[in-house]
There are 2 protein chains.
Amino acid sequence: MESRDHAEVRLAVDLVVLTVREDRLQLLVIVRGNQPYRGRPALPGGFLRENEDLRAAAVRELAEETGLAGRSLVLEQIGAYDAPERDPRGRIVSVGYLAVAPDLPVPTAGSDATGATWARLDTVRGALAFDHDEIVSDALERARTRLEYTTSATDFCAEVFTMGELRQIYEIVWGITLDPRNFSRRILATEGFIEPTGDRRAQVTGRPAALYRRGPASRLNPPMLRPQQGEQ
Amino acid sequence: MESRDHAEVRLAVDLVVLTVREDRLQLLVIVRGNQPYRGRPALPGGFLRENEDLRAAAVRELAEETGLAGRSLVLEQIGAYDAPERDPRGRIVSVGYLAVAPDLPVPTAGSDATGATWARLDTVRGALAFDHDEIVSDALERARTRLEYTTSATDFCAEVFTMGELRQIYEIVWGITLDPRNFSRRILATEGFIEPTGDRRAQVTGRPAALYRRGPASRLNPPMLRPQQGEQ
DNA sequence: ACAAAAGTGTTCAATTTACACCCATGG
DNA sequence: CCATGGGTGTAAATTGAACACTTTTGT
C-alpha cells in the first residue's frame with residue numbers, strides 16, 4: 001500500500017471585504033503580480049501557517065495585504081472552496097471569510113507594492129481570478145441576509161451615523177429603495193439596534209439629522225425582511 | 001529559509017445526518033473503535049482522498065460507514081472546523097456537512113463492524129468526540145433555518161406523506177407546536193411545495209389523511225418563519 | 001421664499017392568529 | 001356514539017405599505 005490514505009492539500013484563506021463607497025457596494029481587491037492570473041484582480045488572502053487557525057490567518061493577511069487592522073472587523077466564515085482544478089498550482093482548498101467595513105480612507109494608500117484598492121463590485125464581478133467570483137457571490141448573499149437578521153448594517157457605518165446613512169446601507173446592499181419614514185420607525189422600534197448620541201449633524205441641505213451609534217443588540221427580532229425583487 | 005511558508009494539515013469531512021424518528025430528532029453516530037475518544041459516539045466522517053472533492057468524500061464516507069447511498073441525500077456544507085487542538089492526532093481541519101434523511105430502516109443493520117446507529121439528539125449532545133458537538137449545533141441551526149426558507153422538510157419525509165407528518169417535522173425540529181389547521185392552509189397556499197397524490201391513508205384513529213408528495217419548488221416565498229420561543 | 005432632507009400621524013390593506021365548527025373513521 | 005385526527009370558515013388582532021403633512025436647515 002504505497003498510496004497515501006489522504007490527499008496532500010494546502011489550506012488558504014480568501015477575504016471578501018465589503019464597504020459602501022460613493023453610493024456603491026465596493027470590494028477590496030489586489031491585483032495579482034504573479035502567475036497564474038497575473039494582472040487580474042483577486043481577493044486578498046494567503047496560505048495558512050503553522051500553529052495558526054483560519055481566523056488568525058485571515059486577520060494576518062488582511063493586515064499584511066491591506067493595512068486594515070482586523071481589530072474591530074467582524075470576520076464570518078463563508079465556506080470551504082475545494083474544486084480540484086480551482087488553482088492551477090496544485091491542490092489548494094480555500095476558506096472564504098466575509099468582513100464588512102466602513103468607508104475607510106483607502107486601504108494601503110501607497111504602503112507596500114501589491115496595494116489593495118476598493119473596486120466597484122458591479123465592474124469587478126466576473127473578472128476576478130480563480131473561483132473568486134463564486135466566493136464573492138456567496139459572501140454577498142450572506143451579507144444581504146445578515147442585514148435582515150442582525151444589526152450588521154452598522155458595521156458598514158462610521159462610529160456615529162445618521163438614519164439616512166444607515167438606510168443607504170440597506171438600499172445599496174439590497175439594491176432597492178426604502179421609505180425613509182417607515183424605515184426610521186422600524187429601526188427605532190427595534191430595542192438596542194441604535195442609540196441616539198443627542199447630537200445632530202448639518203446636511204448639505206435640509207434639516208440636520210440626529211446622530212446615532214450602534215446599540216448592544218446583535219440579532220434583529222423580528223427580522224427586517226427585504227422585499228423580493230429582482231436585482232443585478 | 002528552512003521553515004515552510006504553509007502549515008501541513010490534513011483535510012477531513014464530518015457528516016451530520018439528521019432524521020425524525022420516534023417523535024424525536026435523531027442523529028447518525030458511530031461509536032469510536034480507536035483512540036482518541038475510544039468508545040465515545042462521534043460523527044461519521046473521514047479523510048479526503050486524492051482527486052476527490054469534499055462533497056465526494058462526504059458521499060463516500062456516508063456509504064462506507066453507514067450504508068446510506070448518498071444518491072438522493074442533499075448535502076449542505078456547514079463550514080470548516082480548524083481549532084488547532086481539535087484533534088490530538090495532529091493538525092486536522094474538518095469540513096462539516098449536513099444531510100437530512102427520512103426515517104430509514106436503521107442504517108447498517110449489522111453490515112460491517114463500526115455500525116452506525118441513530119441516537120436521540122437530546123441524549124447524545126454534549127457527549128460527542130472531538131468538537132463534534134459544536135458541528136452538530138451549527139448544523140442543527142442550519143436545518144432549522146432551512147425549514148423556514150426551503151422545502152427541505154420533505155427531505156425528512158418518505159416518498160409520500162400526510163400533512164400531519166409534515167407538520168410533525170416542523171414541530172419536532174423547531175421544538176414547538178403548530179396549529180394543524182393553519183399549517184395545512186399555509187403549506188397548500190405555497191405554490192409547488194407539495195402535490196396531492198389523490199390517495200388517502202387510514203390512521204390508527206380518525207379521518208384518513210390525504211397523501212402528498214413533494215412538489216417542484218425548493219425555496220419558500222414567503223418564508224415560514226418560526227415563532228420565537230425558548231427551547232432546549 | 002424655496003428646495004431639500006428629517007421626522008410624525010394616520011389610513012388602509014394584507015397577513016397572521018385564534019378558534020368555532022364540520023368530516024370521516026375505528027373501537 | 002364517542003374519541004380522535006383531518007379539514008373549512010371566519011372574525012379579531014397584528015403588521016406593513018402608502019402618503020399627507022410638519023419641522024428645520026442652507027441658499
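Throughout, protein chains are lettered first and strands after them, A, B, ... in sequence-line order, and every chain is numbered starting at 1.
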Next on the checklist: Check the phosphate of D/dT25 against A/Arg201, side-chain N and O only, distance under 4.0 Å to OP1 or OP2. Yes or no?
Outcome noted: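 Checking D/dT25 against A/Arg201, no side-chain N or O comes under 4.0 Å of OP1 or OP2.
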Next on the checklist: It should be established whether B/Arg185 places a side-chain nitrogen or oxygen under 4.0 Å from OP1 or OP2 of nucleotide C/dT16.
Outcome noted: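 For C/dT16, OP1/OP2 do not have a side-chain N/O of B/Arg185 under 4.0 Å.
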Between [N] atom [atom2] and [X] atom [atom1], what is the distance in whole Å?
{"X": "B/Gln168", "N": "D/dG5", "atom1": "CD", "atom2": "C1'", "answer": "12 Å"}
{"X": "A/Gln203", "N": "D/dT23", "atom1": "CD", "atom2": "C1'", "answer": "14 Å"}
{"X": "B/Asp179", "N": "D/dA11", "atom1": "CG", "atom2": "C1'", "answer": "15 Å"}
{"X": "B/Arg181", "N": "D/dG5", "atom1": "CZ", "atom2": "C1'", "answer": "11 Å"}
{"X": "A/Phe183", "N": "D/dT15", "atom1": "CZ", "atom2": "P", "answer": "19 Å"}
{"X": "B/Leu178", "N": "D/dG5", "atom1": "CG", "atom2": "C1'", "answer": "16 Å"}
{"X": "B/Ile187", "N": "D/dT8", "atom1": "CD1", "atom2": "C1'", "answer": "17 Å"}
{"X": "A/Arg167", "N": "C/dA4", "atom1": "CZ", "atom2": "C1'", "answer": "13 Å"}

Next on the checklist: So does A/Ala116 get a backbone contact from the side chain of A/Thr66, meaning a donor-acceptor N/O pair under 3.5 Å?
Outcome noted: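 Such a contact is absent between A/Thr66 side chain and A/Ala116 backbone.
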Checklist entry - C/dA6 base to A/Arg207 side chain: any donor-acceptor pair below 3.5 Å? => result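 Answer is yes: a donor-acceptor pair is held.
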Next on the checklist: Which is more 5' along DNA chain D, the nucleotide nearest B/Gly164 or the one nearest A/Pro208? Just name the residue.
Outcome noted: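 Nearest-nucleotide comparison on DNA chain D picks B/Gly164.
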Checklist entry - Between B/Thr162 and A/Arg200, who's closer to the 5' end of DNA chain D by nearest nucleotide? => result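 Closer to the 5' end of DNA chain D: B/Thr162.
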Item to check | A/His132 side, atom NE2; A/Leu15 side, atom CG - distance, nearest 0.5 Å | outcome: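 Atom-to-atom, A/His132:NE2 and A/Leu15:CG are 10.0 Å apart.
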Next on the checklist: Checking contacts here: which listed nucleotide (C/dT16, C/dT17, C/dA3) is nearest the side-chain heavy atoms of B/Asn182?
Outcome noted: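 Closest of the options to the side chain of B/Asn182: C/dT17.
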Next on the checklist: From the set C/dA4, D/dG6, C/dG7, return the single nucleotide nearest to any side-chain atom of A/Ala210.
Outcome noted: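 The closest nucleotide is C/dG7.
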Checklist entry - At under 4.0 Å between heavy atoms, what does A/Ala202 touch on the DNA or RNA strands: base, sugar-phosphate, or nothing? => result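 Here A/Ala202 touches no strand at all.
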Checklist entry - Between A/Arg214 and A/Asp155, is there a salt bridge with N-O shorter than 4.0 Å? => result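 Answer for the salt bridge query: yes.
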Next on the checklist: Check the orientation of B/Trp174 and B/Tyr170. Use parallel for under 30°, tilted for 30 to 60°, and perpendicular for over 60°.
Outcome noted: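 If you compare the ring of B/Trp174 with that of B/Tyr170, the planes turn out perpendicular.
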Checklist entry - Which residue, B/Val29, B/Leu27, B/Asp14, forms the side-chain contact (heavy atoms from CB on, under 4.5 Å) with B/Val136? => result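 Among B/Val29, B/Leu27, B/Asp14, the one that satisfies the side-chain contact (heavy atoms from CB on, under 4.5 Å) with B/Val136 is B/Leu27.
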